[in-house]
Amino acid sequence: MTMDVIVLAAGKGTRMNSALPKVLQPLAGRPLLAHVLETARALQPAALHVVVGHGMEAVRTAFDDPDLHWVEQAEQRGTGHAVAQALPHLAGDLALILYGDVPLVRPQTLAGLQAAAGDGLSLLVAERADPGGYGRILRNAAGQVCGIVEERDATQAQRAIREVNTGLMAVSATLLRRYLPRLQPHNAQGEYYLTDLVALAVADGVAVHAVRTEEHEEVLGVNDRLQLAQVERVLQRRQAEALLRAGVTLADPARLDVRGTLVCGRDVFIDVGCVFEGRVHLGDGVRIGAHGVLRDCELAAGVDVLPFCHLDGARVGPGARIGPYARLRPGADLGPRTHIGNFVEIKQATVGEDSKINHLSYVGDAQVGRGVNVGAGTITCNYDGVNKHRTVIGDGAFIGSGTELVAPVTVGEGATLGAGTTLRKDAPAGQLTLGAQRQVTLPHWQRPQPKPE
Ligand code: UD1
Ligand code: CA
């Protein structure tokens, strides 16, 4: 039995009060729709249709995946109307209908829904203490589902029903073809309700199966930013729990945000307030101090990142120590056991093993050898206003504090630069180079004095 997935994503999302279409609002660093598509793909559908309307161009541009079949719904005339737009394109026997703004539903729940549908219809329902806003599930005296009534069309008695429609359903393509053309917009909103399919099917003796989810959070919808924030917390908690189960120690699972993919080795420790973006890989025994932000980084085993560091596009070798307050920018490539200390910025630079840049320095567009000591306040002057130039520092060099390296420039192996040198020409290997001006003292100079009152 082959299945189509239809994702409804044409709605405007008025309550978000945003210029961005709702399904592009970020959840854990990715658009809402990306989460739904990932779940849909896990079910390996024959085709994946996305019904778009509001902000259609922006949505399509955000997703250039070749497996998506875009369906245009120019005017939003209801969920039934939305599905009807996809109807001519269905490839399989069954259609699974998802919402672009219900991002947390799990693949196993949908597989259950799919299985329950058979060649008929199944609904994902939930029991809610506060059913406000949802369509209510109507059952007959025998307890069988016989219809769905939207809140606005419901009687007082029907509004008391706590069993609600999550909106997600699996329907045979045959039933869709038979009943969608029969929907009528005779309701409070003047829309074509997909939910009216249920009563039509039941009237013809078609069995309707209600699949109940006990995990309420997975069917949370995002209509406003309050709900978006709630859904974000649920997803972050799920991710934190997965990390804990995989053997990662989190100082506080509630104070971690992963906006992308975080892969960890054994015995990794992550302190509070850290944010991980893009793809981050942490090797065995890595420790991330409090309030670190790491994006697209690879840290080898035993790396110790002290608190308040920002790492973006960096590779860090085993046993290195970073921070506190260090900034690694794209192209920072640090060798084993390197030390990068406080208020140090590294960009497009390789640093060889056992080298130390411990205080207040900027090293950009550089190649630093092994066992180099870079003193406090060292700056590579890599930019002439137009071009970037390289600085090369040989193995075992010692760069005195407060040095400026005016690139392009090379410091030879084992060279020593005196403190305060402004290096404009290459420094030869093994020798001391000083840019020193002679020190003078003016014996008769007097410090200006404040005028007496
Ligand atoms: C719908 C259900 C309701 C259910 C609720 C769960 C109907 C008639 N009602 O109500 O029973 O309890 O979801 O959240 O189905 N959409 C389109 N095109 C349209 C209309 C909607 O693509 O013309 C999309 C929206 O972008 C959204 C989804 O369909 O992703 C649901 O639409 P929405 O207007 O939020 O439905 P509800 O009124 O909440
Ligand atoms: Ca809704």
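Read the numbers this way: they start at 1 and go in the same order the structure lists the ligands and their atoms.
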Salt bridge or not for [X] and [Y], using N-O below 4.0 Å?
X: Lys22; Y: Asp101; answer: yes
X: Arg136; Y: Glu150; answer: no
X: Arg337; Y: Asp354; answer: yes

Whether [X] lies under 4.0 Å from ligand 1, heavy atom:
X: Val164; value: no
X: Gly221; value: no
X: Arg77; value: yes

Can you find an N/O atom of [X] closer than 3.5 Å to an N/O atom of ligand 1?
X: Tyr99; answer: yes
X: Ala10; answer: yes
X: Gln189; answer: no
X: Ile148; answer: no
X: Gly11; answer: yes
X: Asn165; answer: yes
X: Tyr134; answer: no
X: Gly135; answer: yes

Quiz item: To which of Leu123, Val23, Leu8 does the heavy atom nearest atom 24 (C) of ligand 1 belong?
Solution: Leu8
So for atom [atom1], which belongs to [X], do other residues, nucleotides or ligands contribute more than 12 heavy atoms lying within a distance under 6.0 Å?
X: Tyr325; atom1: OH; answer: no
X: Arg315; atom1: CZ; answer: no
X: Arg162; atom1: CZ; answer: no

For [X], the ligand 1 atoms whose distance to one of its heavy atoms is below 4.0 Å:
X: Thr79; answer: 7 (C), 8 (C), 15 (O), 20 (C), 21 (C), 29 (O), 31 (C), 32 (O)
X: Ala82; answer: 17 (C), 18 (N), 22 (O)
X: Asp101; answer: 27 (C), 30 (O)
X: Thr166; answer: 6 (C), 14 (O)

Quiz item: Going from CG on Leu121 to CD1 on Ile97, what distance comes out if it is rounded to the nearest 0.5 angstrom?
Solution: 8.0 Å
Quiz prompt | Asp65: salt bridge (Lys or Arg N to Asp or Glu O under 4.0 Å) partners, not counting sequence neighbours | solution = Arg41
Quiz item: What residues form a salt bridge (Lys or Arg N to Asp or Glu O under 4.0 Å) with Glu277, not counting sequence neighbours?
Solution: Arg259, Arg295
Quiz item: Among Arg329, Lys347, Arg390, Lys388, which one satisfies salt bridge (charged side-chain N to carboxylate O under 4.0 Å, His left out) with Asp365?
Solution: Lys347
Self-check item: Proximity of Glu150 to ligand 1 by residue part, where a heavy atom lies under 4.0 Å
Solution: side chain
Self-check item: Residue that, paired with Asp4, satisfies side chain to side chain donor-acceptor pair (under 3.5 Å) out of His89, His69, His49
Solution: His49
